[in-house]
Amino acid sequence: MIAEVIINSNVKNLNRKFDYIIPEELEAQAIVGARVLLPFGNKKELEEGYIVGIKETSEYLDKLKSIAQIESKLHLSDEKIELAKWMAHRYFCNISDCMKLMLPPGTTAKVMSNRVNDKTQNFVYLTKEADEIEADIESKKLKSEKQIRALKFLIENVENEILSTDLQMFADVTNAVLKTLEKNGYIEIVEKEVERNPFIHKVIEKSQNLVLNSEQQDAFDKINASLQFNEYDEFLLFGVTGSGKTEIYIRLIEEALKLGKDSIMLVPEISLTPQTVDRFLSRFGEEKIAVLHSKLSVGERYDQWKKIERGDAKIVIGARSAIFAPVQNLGLIIIDEEHDDSYKSEMSPRYSAKEIASYLGKQHNVPVVLGSATPDMTTYHDAINGKKELLELTKRANNASLPDIEIVDLRHELASGNKTMVSQKLHDEIEENLKNKKQTILFLNRRGFATFIMCRDCGYTAKCKNCDITLTYHLKENKLKCHYCGYETKALTVCPECGGKNIRYFGTGTQKLEEQIKTMFPDATTIRMDIDTVTKKNSHEDILNSFKKDGIDILIGTQMVVKGHDFPKVTLVGALAADMSLYTDDYRSGERTFQLLTQAAGRAGRGDRPGEVVIQTYDPEHYAIEASAAQDYEAFYEKEIRYRSLMGYPPVENLMAVLAACEDEVLLEKACKYLKEYILRIKGQAQLDVIGPASPGVDKIKDIYRRVIYVKAPEYRTLVVLKDRMEQYIEINSGFQKMRIQFDFNPMNL
Ligand code: ADP
Ligand code: ZN
């Protein structure tokens, strides 16, 4: 028999099937989807591959090598292989790159077949009846004290499963004693898989369903109809924070369970807290639930994976990659906080979990539910253009009121002599909150490493004249650069708008903020959460737990503090410099700012007290800030879509990023120039715009230089055709051989 094998490699030439002989002794294990180890090329070590087909014979029969080993603990279903093929085409990568995503990480074929699996344990069973053993002791056929001790322990505990290690400890015998007993036919030692339980020692009370309000009921009914009738539909569940979306998810999962179907629910990695999971545990119990996220150990992930594959877990809760969970009978996909960037992978394969969800929804005829208080522009655009069904929840479910939001104009603060990061208004609110023994969250919504410049007198920021995107300050060259089209100019010292000389560079600042707060409020307790303080396993959660449990007065951090947590005692949230995310080098900066501020406001006043939110900004009239203060998504959308339309950015037009990387900067520049010229040459009548080449946010990583060219087009197809032609061009020109070129469609981050 011959196996068609895909080699595990991201080398482009190897992205095809290779024929291998299946040795007779391995035939029983050889199934499509299994991983194999095999000799390849001149390599000394065995390579890993996947069997994707089995056939009787091959036209190259006399030249074929044989498969060396088959790993049969984990394998991919036919459907997953199909999905991997689709993804490879969609995301321009090798099939094996996609297959890898679909198996638990850290479980390569080599690991699985060479290592004694640390989660299998030896159990000991008696193979003779108790009286028979007694008789043997009586007749002195059995003499060894130790052997007798072990057997007596087993007889006494015959109703329990006994681990070999436990038996050795409790009966005080060695493994050798047990081996002898096995040899003499008294016991049997059986290796079995045991499941490590990530919910250990949790006492969860069963909770009851709530009576849905009419908006919830309406949304539930519509999605449930698709579920019951086996129809693929996509829904945008657009509901303010606390409007009861999670309650709807729970009901839908319950319906799926009644139909014997499995549900996958994705949540952003950062919101995948015990708090989130507990709500599902308390409704469904732990037997039916599997949790998948990056903090689980390799063994734990493997267990969860197997639990799903066996069909024991019918509900999968996890971060992005949980979309590949090996469910047996998919019935429902839910993506909570669907606007979150983490659903798009920024590493090859640059897949979008939302696109995979659509694919699976169509394949299995099941509904896909996207939930958010601040939907992604693209999702909302689809919803109002009839590509998704829009379901709205307009009220908070438990009647909690939305917080009061106040905008503070930082230009006036400076004019009145306040040089700290904290405005008078925010200062007073913090003081009041401390007096009332309530908690405060202060955050700087900054991401990445980009710094921008701003005039502190009038709020002017330097933008690219071509792209209307904020220019990034490069300290070394003292220049301002557009990370989008490559435009650059000398850094300013005088504001071109107002002539002011208070030009400032904005960078990080959580540490500085904490220092200022400590000086202002020496008696207040503070805790800081940012990239510097969050490093160790669980530390992110440790900080939040400590803030919650130890009643720390003020939590200070980057935007990670405002995502999806529930702090009943927080009544004040301060956004220290709302503009920081407004002026990132990205066409989505307005959208991100709106999302962040709106989500942050959702943190305040979740308990019985109404919340207060203070947004500090140099640009109080910016629509993203005004709309978030008014908690008005539609108003934001209207303005933002006009900007996207004017500039030809997604979702109005489509964008393709061509990312090129190379050790040789000169060669890279040249290659990018040729690529751009090539695009312009073959463009013909096609409607498309070429932008760049430019340096992406970080233009050199580990001595590899990077450049990016953007292509905008109204039609997605245009870009796909262009990409195919570019690939051919790249392949036949040896000049590109030293380069790594990747394509990314509608990238989330420029
Ligand atoms: P979201 O997921 O939209 O943020 P949740 O489902 O977490 O909203 O609901 C917010 C709060 O309102 C929770 O405490 C929840 O228990 C409560 N809640 C949700 N639906 C109802 C309902 N129908 N009746 C009463 N309380 C509800
Ligand atoms: Zn530009």
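Remember, it's 1-based here, ligands and their atoms both numbered in the order they're listed. Keep in mind it's a predicted model, so treat the numbers as computed, not measured.
With a 4.0 Å cut-off on non-hydrogen atoms, Gln216 touches ligand 1 through its side chain and not its backbone. Contact annotation for Thr246 and ligand 1: heavy atoms of both the backbone and the side chain come within less than 4.0 Å of the ligand.
No heavy atom of Gly239 sits closer than 4.0 Å to any atom of ligand 1.
Atoms of ligand 1 lying under 4.0 Å from at least one heavy atom of Arg279, given by number and element, are 5 (P), 6 (O), 7 (O), 15 (C). Set against the non-hydrogen atoms of Glu247, the atoms of ligand 1 under 4.0 Å away are 6 (O), 20 (N). Heavy-atom contacts of Gly244 reach the following atoms of ligand 1: 1 (P), 3 (O), 5 (P), 6 (O), 8 (O), 9 (O), 19 (C) (cutoff under 4.0 Å). For ligand 1, the atoms sitting less than 4.0 Å from at least one non-hydrogen atom of Asn213 are 23 (N), numbered in the order shown with element in parentheses.
Ring pair Phe594/Phe636 is parallel by interplanar angle, where below 30° counts as parallel and above 60° as perpendicular. Taking the six-membered ring for Trp and thresholds of 30 and 60 degrees, Tyr380 and Tyr633 have ring planes more than 60 degrees apart, a perpendicular arrangement.
Side-chain N/O atoms of Glu355 and Tyr91 include a donor and acceptor closer than 3.5 Å.
The pair Arg283-Glu247 counts as a salt bridge, with a side-chain nitrogen and a carboxylate oxygen less than 4.0 angstrom apart. Arg592 and Asp341 are joined by a salt bridge, as a carboxylate oxygen and a charged side-chain nitrogen come within less than 4.0 angstrom of each other.
Between Val211 and ligand 1, at least one pair of N/O atoms sits closer than 3.5 Å.
Under a 3.5 Å cut-off, the side chain of Gln616 and the backbone N or O of Met421 do form a donor-acceptor pair.
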